[in-house]
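Numbers restart at 1 for each chain; the letters A, B, ... are given by sequence-line order, proteins then strands. Just so it is clear, the structure is predicted and the values come from calculations on it, not from any experiment.
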Amino acid sequence: MSKPNRTPDKQGQDEIAKSYDPSQVEAKWYQFWLDQGYFTPTLDPEREPFVIIMPPPNVTGELHLGTAFTAIIEDALVRWHRMKGDPTLWLPGSDHAGIAGQNVVEQLLAQEGLSRHSLGREKFLERMWEWMNKYKKIIVDQHRKLGASCDHTRERFTMDAGPSLAVRTTFARLFNEKRLIYRGERIINWCPRCATALSDLEVDHKEISGQLYYVRYPLEHDNDEFVTVATTRPETILGDTAVAVNPDDERYQNLVGKKAVLPAIGRAIPIVADEAVDPSFGTGAVKITPAHDPVDFEVAQRQGLPSINIMDLDARMNENAGPYRGRDRFECRRDLLTYLEDAGLLVKTEPHEHSVGHCQRCQTIVEPRLSKQWFVSTAPLARPAIEAVVERRIEIIPERFTKVYLNWMENIRDWCISRQLWWGHRIPAWYCVKCDGSRIDVLPQEEFKRRRELTDAWYQYSYLMGDPDIPETQIPHEEIVAGIDLVEIDLAAKPIVAVDAPEQCPTCGGRDLLQDPDVLDTWFSSALWPHSTLGWPADTEDFRYFYPTSVMETGYDILFFWVARMIMMGLENTGDVPFRHVYLHGLIKDDKGEKMSKSRGNVVDPSQTIEKYGTDALRFALCTGNSPGNDMRLGSHKLEGSRNFANKLWNASRFVIGNLHDVELETPSGVLPPEDRWILSRLNRTTADVTQLLEEFQLGEALRSIYDFLWTEYCDWYIEIAKIRLRAEGNGSSPLPVLVHVLETALRLLHPFMPFITEEIWQTLRARQPDGKPDSIMIAPYPQADAGAIDVSVEQEMDLVIEIIRSIRNARVESTVDPARYIEAWITAGDAKPVLESHGATIAALARVRPLSIQEDGAGHEISRDRAKVLVLKGVEVVLPFEGMIDVDAEKGRLLKEIEGYEKEIRRIESLLKNEAFLAKAPAHIVEKERLKLDDRKDRLSRSQERVAQL
RNA sequence: GGGCGGUUAGCUCAGGGGUUAGAGCACUGCGUUGACAUCGCAGGGGUCACUGGUUCAAAUCCAGUAUCGCCCACCA
């Protein structure tokens, strides 16, 4: 017996570890790929590139599972395309993250006892940059851990010179030429803690069980008459400028035109009629607070009512609140309610569910507030963005999000883009102090001081209502308040908007110019990301070659924030879509289906997971059993299974490599044995399936297909059969060429999903068998299915062989035959005799039968028939002469159960085949299939019945 | 208020007009067979939420119901 893999050879193949240890493998290959420059594409004008711009990861500085999920899906797509030979660019980058970024650094400062105001704007921004640079390094390290094959040489940051220029260029063009950016005074969402305006999207609405307060307003000149209004925010009474009723509401006809008097401050306000009022809600009379409610603001516009702002930027009551000046809004609510109750003006209080806006970044209750801000006029931008999707120039995956996108786009509202922060792209607008000085108010120092003298009441309240996920900031309250910018610029002032800071005022030539203190919404720069990262507005080679990009892959949670805006801005700036496909993935939850969060303590840290299970296992777990747009759970079971798969592959490879010793491998050719043709057929079918699934973005299904092929077909059957052939040295052809070929091909199929282990095995194989293999599996060609190798008849043949082996094994277990013992078996094979003979050795070895006799008919088999177990299979019978080991009753029972099943099926098919409509309308191949099945079942039935009769 | 999605094996999920509905985990029995016990072999386990409709054929398509979840919305 020659056992080539028995003794360790010179290269030490037996030193291949018995189980796969990712930590020994992963880091070295990432460095190797980097050193080889594989992540950087070569521009080939002859070929269409594949391009993904990576969504900038979140800013916490930790590797988050969501980030990992994104990176893993994209890496799979990117590696696949690169192996297909497409010039492939995966461009990574990071985002300055606006409020979120500023908050992170502010909290870090708080731990040092500092604040952004104690540092001042300039120093603070230095700290921001310092942190960002550190954070960018962390991101690169994350890519390394995850195996992300992105092109670091093209890494971008939203505040780099290029993307910043893109921001200013876009802003200037939209303002000066397109008139799609304007300054306006509107009701916006104001976060009193962040002290900035927010866009509508940055407000989380939560259902709150609050109270609806019914308050009486006495009528002017008639203190015994009242009009009763209902409100959830009584403190806004102080800013009321009218009471409105529906014009058709008969109850209030006589009041319209009269005046009511506001409690507590005694201001007389008109009672007006307006369509916006729903007579069935509350009392049918609505208090109108134009400066603190969007609907009220509209009513005021229609009715020509004044707006009275009653709060400061920190949501404390201002001088318009009379006696409540200086109190926090919720403190004021409480005190005012006490007053109303004492005055007999509070009619009743009833529980009321309503939705309250919270700041997405700090969960403070947002205050609607009339404010001067910059806006993008979105409707004209939305039109082409809608068309692009309707016309399928952009395809959203999964498809159902198309409707969500279109619905949002069609109802889009203007986008408030100015933020009162320090961190971000400063708005490129300047004001001439000479021309507009009188229109610019810098708040006086006393006001600044006053705002520092504040209590924390409102602040604590905010957190009581807040999401426990958001850690309570340690920034001293007064510091936050002081951060409110103190420049107020009248709408009449004329901004000079330019890409670069102007030297002088174009009107008067004055050189004293004041830049707008606000910065832009971080999503403004994000909206430009696909083109700004490629060099736009410059006409760069990258931009020309790589734009539009191929796929935008990101979570569905930022469809509006980001994807929608990229489509609008991409179309506006470049005239072309930013990407062809949008692939939306879901959220990752823990194994109980709960959202992962620090406060729940159920966060799966990818770094730890990688350490424990390996990157490839994490990648496998995140790619498999999941479909686009659906949330997925990730728990230890899934990770273990993934790790086990890696180990399985490792050991199968170990087996193959171990047998390569001293063997000259030829390319599989000539007439191959049926097992070889079978596994090659399955391989090619798998390849075809995988390719199609990848093209449809069904990564999970593609991976499952590879998994099934490798584990079930290659390991469980082909390798087991190969072992038999290897043992039978000299006889017949060696399975090694096919064994290696299939492994090598499957590795390439799998590589986009599990890059490290596939590279490690590939390199080991390559060391054994250089034969012109590429230096790395990641630049090896992706397998292409050879339709000619798909052989239906050999697959059917193997199906029968497998059925025979399984049935014999099952019979052995049923009859409790010692697993090690060989038993005799006779097969009555009919026409299948030659075919089964060619698999005789396989059946004998895997079913542990000896001797095995294969006959065309039952000749020579009938003698012991009544004492044998007879397995009725498709067209063949397997007779196991167990000699008295048979429990006749049990055997009968088994057969009767089989017979019952066959009869049921036969009845179904017969009635189907009698059905004229079926025969007329069903496709021919379906009818044929049913006929064949009927024949087979009838055949089995009669043979089983015969067998029962014998017993 | 509007919209979307889920409901499939004990659990977690794929699938999706046409064989006997799949996987992983869990479960039962057997197994230290020279790749792998992170394994192998053989099993058990499902009225595909419910009701109706379309169809030759429905787990799959349509409508409705129930239930869970998510998104959007100016419910004072």
Using Watson-Crick or G-U wobble geometry with both distances below 3.5 Å, tell me the partner of B/rU20, or none. none
Length of the NZ-P vector between A/Lys874 and B/rU19, whole Å: 14 Å
Within the 4.0 Å heavy-atom criterion, would you say A/Arg633 contacts the bases, only the backbone, or no part of the nucleic acid? sugar-phosphate
Could you work out the separation of B/rU8 and B/rG3 based on their C1' atoms and round it to a whole Å? 25 Å
Decide yes or no on ring pair (Phe, Tyr, Trp, His ring centres under 6.0 Å) for A/His352 and A/Tyr214, but give the supporting numbers first. CA-CA 12 Å; A/His352 181 66; A/Tyr214 289 76; 9.4 Å; no
Taken to the nearest whole Å, CG/A/Asn659 to C1'/B/rG34 is 10 Å
With a non-hydrogen cut-off below 4.0 angstrom, is A/Phe560 in contact with a base, only sugar-phosphate, or nothing? sugar-phosphate
If I pick the P atom on B/rC48 and the same atom on B/rC11, what distance separates them, to the nearest angstrom? 16 Å
Sugar-phosphate only, base, or nothing, as touched by A/Tyr707 at under 4.0 Å among non-hydrogen atoms: sugar-phosphate
Mind checking who B/rU33 pairs with, Watson-Crick or G-U wobble, both distances under 3.5 Å? none
Polar side-chain atom of A/Asn189 near backbone of A/Pro368 as donor-acceptor pair, under 3.5 Å: no
Using a heavy-atom cut-off of 4.0 Å across all strands, would you classify A/Arg812 as base, sugar-phosphate, or nothing? nothing
Please tell me which of the listed nucleotides, B/rC39, B/rG18, B/rC25, lies nearest to the side chain of A/His637? B/rC25
Would you mind classifying the nucleic acid contact of A/Val229 as base, sugar-phosphate or nothing, using non-hydrogen atoms under 4.0 angstrom? nothing
Using a cut-off of 4.0 Å on non-hydrogen atoms, how would the nucleic acid contact of A/Pro923 be classed: base, sugar-phosphate, or nothing? base
Taking atom C1' in both B/rA59 and B/rG46, what distance in whole Å separates the two? 11 Å
With a 4.0 Å cut-off on N to O distance, would you call A/Asp631 and A/Lys589 a salt bridge? yes
What nucleic acid atoms does A/Lys723 come within less than 4.0 Å of, heavy atoms only: base, sugar-phosphate, or nothing? base
Once you apply a heavy-atom cut-off of 4.0 Å, does A/Asn411 come out as touching a base, just sugar-phosphate, or nothing? nothing
Identify which nucleotide among B/rC74, B/rA76, B/rA42 has an atom closest to any side-chain atom of A/Asn810, counting heavy atoms from C-beta outward. B/rA42
For the base of B/rA57, is there a side-chain donor-acceptor partner from A/Lys921 under 3.5 Å away? no
If pairing requires Watson-Crick or G-U wobble contacts with both distances under 3.5 Å, which nucleotide is the partner of B/rC61? B/rG53
Do the charged groups of A/Lys403 and A/Glu410 touch, with an N to O distance under 4.0 Å? no
Name the nucleic acid region contacted by A/Val404, choosing base, sugar-phosphate or nothing; use a 4.0 angstrom heavy-atom cut-off, strictly under. nothing
pair_partner(B/rA66), Watson-Crick or wobble, both distances < 3.5 Å, evaluates to B/rU7
Does A/Ala17 offer a backbone N or O that forms a donor-acceptor pair with the side chain of A/Trp650 under 3.5 Å? yes
Please state whether the base of B/rC4 and the side chain of A/Lys403 form at least one donor-acceptor pair under 3.5 Å? no
Let's go through A/Ser209 and A/Glu353 carefully: what are the C-alpha distance in whole Å and the side-chain angles of both, what is the deciding distance for side-chain hydrogen bond (donor to acceptor under 3.5 Å, both in side chains) to 0.1 Å, and is it a yes or a no? CA-CA 4 Å; A/Ser209 321; A/Glu353 288 278 324; 2.9 Å; yes
Suppose we define a pair by two distances each less than 3.5 Å, Watson-Crick or G-U wobble; what does B/rA42 pair with here? B/rU28
Whole-Å distance separating the CD atom of A/Glu720 from the P atom of B/rA35: 8 Å
Options B/rC75, B/rU20, B/rA35, nucleotide nearest the side-chain atoms of A/Cys715: B/rA35
Which one, B/rA14, B/rC56, B/rU12, comes nearest to the side chain of A/Asn915? B/rC56
Ignoring hydrogens and angles, answer whether the base of B/rC75 and the side-chain atoms of A/Glu207 contain a donor-acceptor pair closer than 3.5 Å. yes
Give me the distance, rounded to whole Å, that separates B/rA21 from B/rC36 when you measure between the C1' atoms they each carry. 31 Å
Winner on side-chain proximity to A/Trp711, out of B/rG18, B/rU38, B/rG40, is B/rG40
Could you tell me the separation between the CG atom of A/Leu201 and the P atom of B/rC71, rounded to a whole number of Å? 13 Å
For the side chain of A/Ala922, starting at C-beta, report the closest nucleotide among B/rG18, B/rC74, B/rC39. B/rG18
Just checking A/Asp278: base, sugar-phosphate only, or nothing, at a heavy-atom cut-off of under 4.0 Å? base
B/rC75 -> Watson-Crick or G-U wobble partner, both distances under 3.5 Å, gives none
I'd like to know if A/Glu701 reaches the base of B/rA23 with its side chain such that a donor and an acceptor end up less than 3.5 angstrom apart. no
Could you give the distance separating B/rG5 and B/rG64 at their P atoms, to the nearest angstrom? 13 Å
Cation-aromatic face contact A/Lys723/A/Phe655, 6.0 Å, 45 degrees: yes
Are A/Arg704 and A/Glu701 close enough for a salt bridge, meaning some N to O gap below 4.0 Å? yes
Figure out the CG/P separation between A/Asn407 and B/rC72, and round it to whole Å. 11 Å
With rounding to the closest Å, how many angstrom separate the P atoms on B/rU7 and B/rC39? 29 Å
No-H, no-angle donor-acceptor pair, A/Arg908 side chain to B/rU19 base, under 3.5 Å: no
Among B/rG18, B/rC39, B/rA76, the one nearest A/Phe281 by side-chain distance: B/rA76
Once you apply a heavy-atom cut-off of 4.0 Å, does A/Ser627 come out as touching a base, just sugar-phosphate, or nothing? sugar-phosphate
Have a look at A/Gly625 and say if it touches a base, only the backbone sugar-phosphate, or nothing, with a 4.0 Å heavy-atom cut-off. sugar-phosphate
